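Below is one structure, written out as structure tokens; the observations come after it.
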Number of protein chains: 2
Amino acid sequence: MATKKASQEGKQALVGRLMPAMRRSSAAGVLHGQAIAKKVGVNSSDLECLDLILLNGPSTAGEIARRTGLTSGAVTGLIDRLERLDLVERMADANDRRKVLVRVREDKIGPIGALFSPLEKSIGAILAGYSREELATLLDFFERSGEVLLARVAELNGGK
Amino acid sequence: MATKKASQEGKQALVGRLMPAMRRSSAAGVLHGQAIAKKVGVNSSDLECLDLILLNGPSTAGEIARRTGLTSGAVTGLIDRLERLDLVERMADANDRRKVLVRVREDKIGPIGALFSPLEKSIGAILAGYSREELATLLDFFERSGEVLLARVAELNGGK
DNA sequence: GCCATATCTCTCATTTACTAAGATAAATAG
DNA sequence: CTATTTATCTTAGTAAATGAGAGATATGGC
């Protein structure tokens with residue numbers, strides 16, 4: 001229905017509708033993260049940070065600080081909170097004993113993953129309705145938009 | 001290139017690549033918002049909230065609280081901060097004098113819009129390369145994913 | 001119309017989490 | 001071995017959220 005209607009519009013009109021649709025969807029994504037965090041009982045930046053560690057593998061406090069833009073003191077507190085909930089654990093780095101490696105306790109994060117799966121299922125259902133070509137278009141767009149976003153973030157943060 | 005490669009893959013493989021691409025792109029979107037907020041001199045939830053009011057038109061404090069999940073006390077402080085920067089103004093609601101309408105001062109947010117426009121331009125350039133049908137696919141996806149996100153957020157917050 | 005109740009925003013005390021500065025400990029360079 | 005650098009943690013101060021509740025206005029039953 002949306003598809004049928006949209007397919008009769010000109011490119012310009014479609015682009016005009018896409019921008020706000022993206023904004024809305026991304027705002028809803030933020031709300032989703034917040035809602036999950038509330039259920040889990042952590043604040044949403046802690047949850048994002050947990051995801052980050054999961055994505056990048058065991059990380060030192062300094063790496064986390066650099067990636068998140070937090071100060072070292074804030075990261076100490078963040079790890080303390082996640083550790084108190086048994087979601088991560090601190091490990092000594094064998095090579096450099098100043099470092100503290102933070103590792104996600106994958107055996108303890110099952111319930112968090114379960115909170116994400118209804119969304120993943122819904123999104124999966126939407127994606128299942130697309131052709132291979134349509135999926136390729138979506139993938140292309142997300143990869144390219146991710147790149148320009150990161151480039152712009154670097155521009156905004158770096159000097160200027 | 002990404003397109004060419006992707007178009008030769010099976011649907012399953014494409015979906016498998018899409019999920020992380022979406023996560024990355026959305027994480028980059030969060031970083032972008034934070035970087036802009038820092039430039040503007042507000043915290044990032046205040047900026048998101050400003051965007052929300054702009055998107056939905058003049059809103060009462062209660063509506064903002066409901067949409068953001070903040071408490072009424074937090075919303076008062078949030079509006080105070082935005083008002084102090086002259087980015088919004090409080091107006092009495094003529095019909096219900098308990099209510100306070102918050103309106104974005106569109107004449108004062110130009111510099112903020114300017115910070116977003118390089119990104120919009122880059123995204124626009126990406127979109128310009130797609131056919132009408134491809135744009136329709138993207139629009140369809142963003143509209144539908146926005147809907148399922150909001151539905152899931154409601155489910156997470158409402159009871160259960 | 002009047003009263004009880006509900007709704008809406010704001011206030012205030014408390015709590016949470018961040019920053020900035022600096023202390024501590026370990027690694028590395030000279 | 002000493003000086004410097006690197007990495008994390010500690011602490012004091014600050015910003016912003018929560019939760020409880022006050023004050024003002026609206027609404028529905030009588």
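Keep in mind that what you see is a predicted model, and the values were worked out from it rather than measured. Protein chains get the first letters and strands the later ones, always in sequence-line order, with residue 1 at the start of each.
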Notebook entry, point to check: End-to-end bend of the helix from dG1(C)-dC30(D) to dG30(C)-dC1(D) (five-pair axes, 10° rounding)?
Noted result: 20°
Next item on the list: Check each of Leu138(B), Leu139(B), Thr137(B) against Leu14(A) using the side chain to side chain contact (heavy atoms under 4.5 Å, CB included) test, and report the only one that passes.
Entry: Leu139(B)
Check: In a check of salt bridge (charged side-chain N to carboxylate O under 4.0 Å, His left out) between Glu143(B) and each of Arg24(A), Arg17(A), Arg23(A), which one passes?
Finding: Arg17(A)
Next item on the list: Identify, with sequence neighbours excluded, every residue that meets side-chain hydrogen bond (donor to acceptor under 3.5 Å, both in side chains) alongside Arg90(B).
Entry: Asp80(B), Glu83(B)
Item checked: Which atom of Lys11(B) lies closest to which atom of Tyr130(A), heavy atoms considered -> NZ-O, 2.8 Å
Notebook entry, point to check: Which value, rounded to the nearest 0.5 Å, describes the distance between Gln34(A) atom CD and Ser45(B) atom OG?
Noted result: 8.0 Å
Checklist line | Gly16(B) versus Pro20(B), closest heavy-atom pair with distance | finding: O-CD, 3.0 Å
Next item on the list: Using atom CG of Asp93(B) as one end and atom P of dA26(D) as the other, report the distance to the nearest whole Å.
Entry: 9 Å
Margin query: For a quick check, with a 4.0 angstrom heavy-atom cut-off, what is the B/S/- contact string for nucleotides 6-18 of chain D, read 5' to 3'?
Written below: BSBBB-----SSB
Next item on the list: Report yes if a side-chain nitrogen or oxygen of Arg97(A) is closer than 4.0 Å to either non-bridging phosphate oxygen (OP1 or OP2) of dA27(C); otherwise report no.
Entry: yes
Item checked: Contact summary for Val148(A) and Ser122(B), nearest pair of heavy atoms -> CB-CB, 4.0 Å
Next item on the list: Measure up the Phe142(B) and Phe142(A) rings against each other and bin them: parallel (under 30°), tilted (30 to 60°), perpendicular (over 60°).
Entry: tilted
